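So the structure is just underneath, and the comments pick up after that.
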Amino acid sequence: MSYKAEYIWIDGTEPTALLRSKTKILADGAEPPVWGFDGSSTNQAEGHSSDRVLRPVFTCPDPIRGGDNVLVLAEVEEINGDPHVSNTRALLRPIAEQFADQESWFGIEQEYTFFKGSRPLGFPEGGFPAPQGPYYCGVGADAIFGREIVELHLDRCLAAGLAISGINAEVMPGQWEFQVGPAGPVEVSDHMWIARYLLYRTAEEFGVEATLDPKPARGDWNGAGAHTNFSTKAMREGYDAIIAACEALGEGDKPLEHISQYGSGVESRLTGAHETAPWNKYSYGVSNRGASVRIPWQVEVEKKGYIEDRRPNANMDPYVVTRLLVNTVCSSLEKAGLV
């Protein structure tokens with residue numbers, strides 16, 4: 001007896017990495033081993049020294065193939081065992097471990113847009129749909145496009161055991177969102193990458209492309225983000241830590257450090273319009289979706305909870321965003337004695 005293991009990894013394409021995958025047949029009962037690939041074909045090596053290593057780090061059931069088949073998320077390493085320069089998960093791990101006692105939780109809202117050919121799904125050929133308004137959380141064939149793909153993707157994420165917590169139609173036609181979390185920084189990121197893989201594979205079966213482009217349609221249309229909800233144990237217990245976290249994210253060069261790593265093309269989305277703050281101006285506020293960081297209204301009422309960083313793009317790397325938030329906020333709370 002044998003089973004199929006689909007190895008999945010993040011390549012070295014810039015400015016936005018792509019997912020790659022290939023299949024290994026394993027004997028029944030065998031654990032997915034360390035494997036290899038041609039890095040010269042994934043922007044992770046040169047042809048004269050092209051071998052790169054896949055080290056399994058997270059395994060879950062494969063909801064597409066079913067049975068005993070599995071999905072295997074792998075980190076990319078050099079042949080000597082060092083993390084490859086494209087391996088952002090390796091940079092997150094020590095930061096997550098350093099501040100593990102603060103118990104960081106994340107919930108990431110992944111927006112994406114379906115394309116059929118060169119146009120967003122729901123955009124008529126040679127024209128444009130009605131203005132934004134009825135599409136967000138809409139119902140009916142005049143407002144909703146691609147629901148059958150979205151529902152199948154949700155079912156597959158659940159079957160894979162991912163920490164997916166919801167879905168909804170977004171503001172632009174053909175635009176949707178799924179949420180992953182709450183979970184710790186490494187877990188939420190692993191689950192997000194697998195959920196993205198399942199999204200691409202599911203849309204592929206319908207002849208549709210799912211894109212994380214932060215501004216998929218120019219003009220008076222919302223962009224696509226990955227709003228990142230974040231808390232620590234102290235933030236879930238007191239409001240002083242909430243304010244301290246918001247202040248830490250706006251201190252000194254922190255806004256630029258974060259925004260420069262929140263996804264390619266962030267300035268095209270964070271314009272100050274369409275429920276965004278300008279990319280080069282940091283702000284926070286209660287119930288303010290026009291701020292860089294939003295404090296939900298119930299958090300102010302209850303004096304504890306979480307914050308929402310609204311700046312990350314849909315195409316952001318969750319390993320990078322969670323690392324930045326944990327490092328910036330947790331180190332600041334530690335210095336302030338709010339842990």
Side-chain angles (χ1 to χ4, degrees), residues 58 89 91-111 157 161-168 177-193 195 225-251 254-255 257-258 261-262 275 277 282-312 316-339:
F58 174 70
R89 189 180 190 273
L91 299 177
L92 167 61
R93 283 189 279 107
I95 297 298
E97 291 167 6
Q98 179 183 348
F99 296 106
D101 59 341
Q102 293 198 41
E103 299 178 24
S104 297
W105 290 357
F106 287 87
I108 301 176
E109 306 170 27
Q110 177 68 73
E111 294 178 345
C157 287
L162 304 183
I164 191 164
S165 49
I167 58 173
N168 61 268
E177 175 186 297
F178 64 86
Q179 302 93 36
V180 173
V186 176
E187 181 184 17
V188 79
S189 301
D190 287 348
H191 287 212
M192 178 58 74
W193 277 112
H227 302 153
T228 301
N229 301 283
F230 170 71
S231 70
T232 66
K233 186 174 185 292
M235 293 166 68
R236 295 189 292 272
E237 295 177 348
Y239 201 65
D240 287 347
I242 295 285
I243 297 302
C246 293
E247 290 287 338
L249 290 169
E251 184 178 353
K254 285 298 179 182
E257 177 188 353
H258 281 242
Q261 300 178 71
Y262 272 11
E275 299 180 286
Y282 176 80
S283 61
Y284 70 90
V286 175
S287 197
N288 185 357
R289 283 178 166 78
S292 308
V293 173
R294 178 179 68 96
I295 302 172
W297 67 269
Q298 69 270 29
V299 172
E300 184 187 43
V301 171
E302 297 174 3
K303 300 302 179 186
K304 60 182 180 181
Y306 67 97
I307 60 175
E308 178 195 39
D309 192 337
R310 297 180 57 79
R311 296 171 295 172
M316 63 81 158
D317 181 343
Y319 295 129
V320 173
V321 170
T322 56
R323 172 175 55 81
L324 289 167
L325 283 167
V326 168
N327 195 39
T328 295
V329 173
C330 290
S331 60
S332 182
L333 293 180
E334 190 174 79
K335 290 177 184 176
L338 292 170
V339 297

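Quick caveat: nothing in here was measured; it's all calculated off a predicted structure.
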Validation row: Y319, W193 side chains within 4.5 angstrom (heavy atoms): yes
Closest non-hydrogen atom pair between T228 and P312, with its separation: OG1-CG, 3.7 Å
Worked check of side chain to side chain donor-acceptor pair (under 3.5 Å) between Q98 and N327: CA-CA 9 Å; Q98 179 183 348; N327 195 39; 5.4 Å; no
Smallest separation among heavy atoms of A277 and S292, with atom names: CB-N, 3.5 Å
Inter-residue atom distance I167.CD1 - F178.CZ, 0.5 Å rounding: 10.5 Å
V329 side chain near F230 side chain, heavy-atom distance below 4.5 Å: yes
K254 with E257: basic N within carboxylate O range, under 4.0 Å: yes
Separation between OG1 of T322 and CD of E187, rounded to the nearest 0.5 Å: 12.0 Å
Interatomic distance, L325 atom CG to L249 atom CG [nearest 0.5 angstrom]: 6.0 Å
Full working for ring pair (Phe, Tyr, Trp, His ring centres under 6.0 Å) between Y282 and H258: CA-CA 11 Å; Y282 176 80; H258 281 242; 8.9 Å; no
Electrostatic pair K233:E237 at N-O distance under 4.0 angstrom: yes
Test applied, side chain to side chain contact (heavy atoms under 4.5 Å, CB included); reference residue, Q110; option that passes from M192, E177, Q179: M192
K303, NZ: over 12 other non-hydrogen atoms inside 6.0 angstrom: yes
Heavy-atom pair with the smallest gap, counting every atom of S283 and A291: OG-CA, 3.4 Å
A195 versus V180, closest heavy-atom pair with distance: CB-CG2, 4.5 Å
By side chain to side chain donor-acceptor pair (under 3.5 Å) - contacts of E109 (at least two apart): N229
Student check: side-chain heavy atoms of Y284 and E247 closer than 4.5 Å: yes
Sub-4.5 Å side-chain heavy-atom contact between T232 and W105: no
R323 side-chain N/O to I95 backbone N/O, donor-acceptor pair under 3.5 Å: no
Side-chain heavy-atom pair P318, V188 within 4.5 angstrom cut-off: no
Which atom of A245 lies closest to which atom of I307, heavy atoms considered: CB-CD1, 4.2 Å
4.5 Å side-chain heavy-atom contact, F106 and V326: yes
Electrostatic pair R294:E308 at N-O distance under 4.0 angstrom: yes
With sequence neighbours excluded, residues passing side chain to side chain donor-acceptor pair (under 3.5 Å) with R311: D309
Inter-residue atom distance I108.CD1 - H191.NE2, 0.5 Å rounding: 11.5 Å
Heavy-atom closest contact (R310 atom, N288 atom, distance): CD-O, 4.3 Å
Heavy-atom side-chain proximity of E103 to R236 below 4.5 angstrom: yes
Rounded distance [0.5 Å steps], CG in L338 versus OG in S332: 8.0 Å
Other residues, nucleotides, ligands: >12 heavy atoms within 6.0 Å of Q298 CD: yes
Nearest-0.5 Å distance, CE of residue M316 to CD of residue Q261: 12.5 Å
Any side-chain heavy-atom pair of F99 and S104 under 4.5 Å: no
